[in-house]
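Naming convention: chains lettered A, B, ... in sequence-line order (proteins, then strands); numbering from 1 in each chain. Worth knowing before you read on, the calculation uses all heavy atoms, side chains too, and leaves out hydrogens, waters and symmetry mates.
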Protein chains: 2
Amino acid sequence: MNKPVQQRTLKTRANLVEAARAIVLDVGYEGLRTEEVVKRASVAKGTFFAHFADKDALLELLIGEALLECLDQMAERPAPVTVPEVVEHLMPLIGLMTQSRFVFDVIVRHSGAAVVESLGPIAQSFDLQYAVFAKWFDPEGDHPFRRDVPPELLAEGIQAFAIQAMALMFCAINSVTSVEDRLTVYLNAWLLPSK
Amino acid sequence: MNKPVQQRTLKTRANLVEAARAIVLDVGYEGLRTEEVVKRASVAKGTFFAHFADKDALLELLIGEALLECLDQMAERPAPVTVPEVVEHLMPLIGLMTQSRFVFDVIVRHSGAAVVESLGPIAQSFDLQYAVFAKWFDPEGDHPFRRDVPPELLAEGIQAFAIQAMALMFCAINSVTSVEDRLTVYLNAWLLPSK
DNA sequence: AGCGTAAATTGACCGTGGTCATTTATTAGG
DNA sequence: CCTAATAAATGACCACGGTCAATTTACGCT
């Protein structure tokens, strides 16, 4: 088993992904059709499904890599030390996730890995988020946030409130308030409780 | 415009919904096929789509009415006065929402009303949830929960954390911890911060 | 080089959600 | 009652994701 995977396979897969990226640039994630992908990649329909379990798996790959890239940049910044700074740090990620209702739904669907082995790129990015956020609340660090619960729990709360704020953003009734404002209210209560 | 809607219409719609309910009992929400619905209701395919915008709208109706019923029972109980009691009060709702990944996804998709006029039954149930939860934290009431933020905000937090706990439940990696336990940790930190 | 085997690819085919021009039923007006 | 106008129902049809038996290609071995 020195060469279990052929060069050809890698090339075909790369073609498919590249074709898909081009299509997304044209018509967005929502307008992506598998038939168009295989046409541009010059392969048969069946080949697509030999490489991806389903269309969602391709979407996850494309969206996931955008999320991971965004998180890498986020991780490089110095930790925020006020709630507005936390919100500001989150905004690029939120912008990505809420670029459309369709994208948001894909992300939510894949945010938890359904299978233990090989978590997809979106689930990965949520793991990474968790790690990045948790670092902001290092008990040794110099920040004003609550210290009665572990940093990991604060990180989970941020994920929960961010999802909530984004979900409400797509809700016509509640869209009078901006995501930033809503999130600021949530995080003030979560990170700086005065009991 | 004394009679804008005919009797026939109501009957047809009722037939469709009844047929759908029967199918769900047989094969669950996930196994529901529009073709089977119209067959059992003895109408044409097109008629279905004259009554429901799409299949999702029917699913929303069916799942939404179950949620609303559950909330009605929840509203009748005396308010919980400890975090474990809060979790226990939430469990019937959580059980409904997590009966399957498919149902959970439908609910999340519809939890925010996309259009102002006529919010669907699932979005309605989220509004009702909000109201029911908020009542638990009445500033005049005798409860040990934090009072530094308005009850409505505490209610929103419960929604956010409940969704988070449920989403993680479907995630293989995290399913070692039960929803109750996870939610208890979240709500202790949210409702009883010791700063 | 030639051969056998396993991996990769193919494309006709299917299931199912959703559409729409046409047909049928209902109602209001004379 | 008949007729015109409107609402409802019909079903052939389409779009698109996904399948799979058959075919082609690549690779290790002698």
Side-chain angles (χ1 to χ4, degrees), chain A residues 1-20 22-24 26-63 101-103 105-106 109-110 114 120, chain B residues 1-20 22-24 26-63 101-103 105-106 109-110 114 120:
Chain A
M1 45 161 65
N2 33 1
K3 265 210 147 196
V5 60
Q6 306 180 359
Q7 288 306 317
R8 177 172 58 150
T9 311
L10 298 172
K11 184 81 176 85
T12 305
R13 189 187 165 94
N15 282 153
L16 284 166
V17 173
E18 198 188 348
I23 291 167
V24 169
D26 278 3
V27 294
Y29 292 100
E30 198 161 359
L32 185 137
R33 299 282 167 267
T34 57
E35 300 200 340
E36 183 65 22
V37 176
V38 298
K39 204 172 100 188
R40 290 216 204 182
S42 306
V43 296
K45 191 90 157 280
T47 304
F48 180 96
F49 292 97
H51 287 264
F52 301 98
D54 49 28
K55 188 180 144 177
D56 241 36
L58 172 64
L59 288 172
E60 198 198 349
L61 184 77
L62 298 178
I63 295 172
R101 173 87 225 202
F102 180 82
V103 168
D105 283 346
V106 173
R109 252 203 312 281
H110 290 90
Chain B
M1 48 159 64
N2 36 1
K3 266 213 146 193
V5 60
Q6 306 180 359
Q7 288 307 318
R8 181 172 55 149
T9 311
L10 299 172
K11 184 81 176 82
T12 304
R13 190 186 163 93
N15 283 152
L16 284 167
V17 174
E18 198 187 348
I23 291 167
V24 169
D26 278 4
V27 294
Y29 292 100
E30 197 160 358
L32 185 138
R33 300 281 167 270
T34 57
E35 300 202 340
E36 183 65 23
V37 176
V38 298
K39 205 173 101 188
R40 290 215 204 182
S42 307
V43 296
K45 190 90 157 279
T47 304
F48 180 96
F49 292 97
H51 287 264
F52 301 97
D54 49 26
K55 187 180 147 179
D56 241 37
L58 172 63
L59 288 172
E60 197 198 350
L61 185 76
L62 298 177
I63 295 173
R101 173 89 225 202
F102 180 83
V103 168
D105 283 346
V106 173
R109 255 204 311 281
H110 290 90

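Nucleotide C:dA8 holds its P atom 17 Å from the CZ atom of A:F48, rounded to whole Å. Note: CD (A:Q7) to P (C:dA6) measures 21 Å, nearest angstrom. For B:L16 and C:dG18, the CG to P distance is 14 Å, given to the nearest whole Å. Atom P of nucleotide C:dT19 and atom NE2 of B:H51 are separated by 15 Å, given to the nearest angstrom. Atom CZ of A:F49 is separated from atom C1' of C:dG15 by 13 Å (rounded to the nearest Å). In this structure, the CZ atom of B:R13 is 16 Å from the C1' atom of D:dA9, given to the nearest Å. Atom CD in B:E36 sits about 11 Å away from atom P in C:dG17, given to the nearest Å. Nucleotide C:dG17 holds its P atom 11 Å from the CG atom of B:D54, rounded to whole Å.
Here B:K55 lies in heavy-atom contact (under 4.0 Å) with sugar-phosphate atoms only.
With a 4.5 Å cut-off on side-chain heavy atoms, A:V37 and A:F52 do not count as touching. Counting heavy atoms from C-beta outward, B:L10 and B:R13 have side chains that stay 4.5 Å or more apart.
Residues A:D105 and A:R109 are not paired through a salt bridge, judged by the lack of any N-O separation under 4.0 Å between the basic side chain and the carboxylate.
Nearest-nucleotide mapping onto DNA chain C: of A:V43 and B:T47, the residue sitting toward the 5' end is A:V43. Remark on DNA chain C: of its neighbouring residues B:E35 and B:R8, the 5'-side contact belongs to B:E35, judged by nearest-heavy-atom nucleotide.
The A:A50 side chain lies nearest to C:dT9 when the options are C:dG18, D:dC16, C:dT9. Closest contact between the side chain of B:A44 and the listed nucleotides D:dG11, D:dG17, C:dT19 involves D:dG11.
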Steps toward side-chain contact (heavy atoms from CB on, under 4.5 Å) verdict (B:V43, B:N15): CA-CA 9 Å; B:V43 296; B:N15 283 152; 5.8 Å; no

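For the atom pair NE2 of A:H110 and CG of A:D56, the computed distance is 4.0 Å after rounding to the nearest 0.5 Å.
For A:T9, no side-chain nitrogen or oxygen approaches OP1 or OP2 of C:dA7 to under 4.0 Å. In terms of phosphate contacts, A:T34 brings a side-chain nitrogen or oxygen within less than 4.0 Å of OP1 or OP2 of D:dG17.
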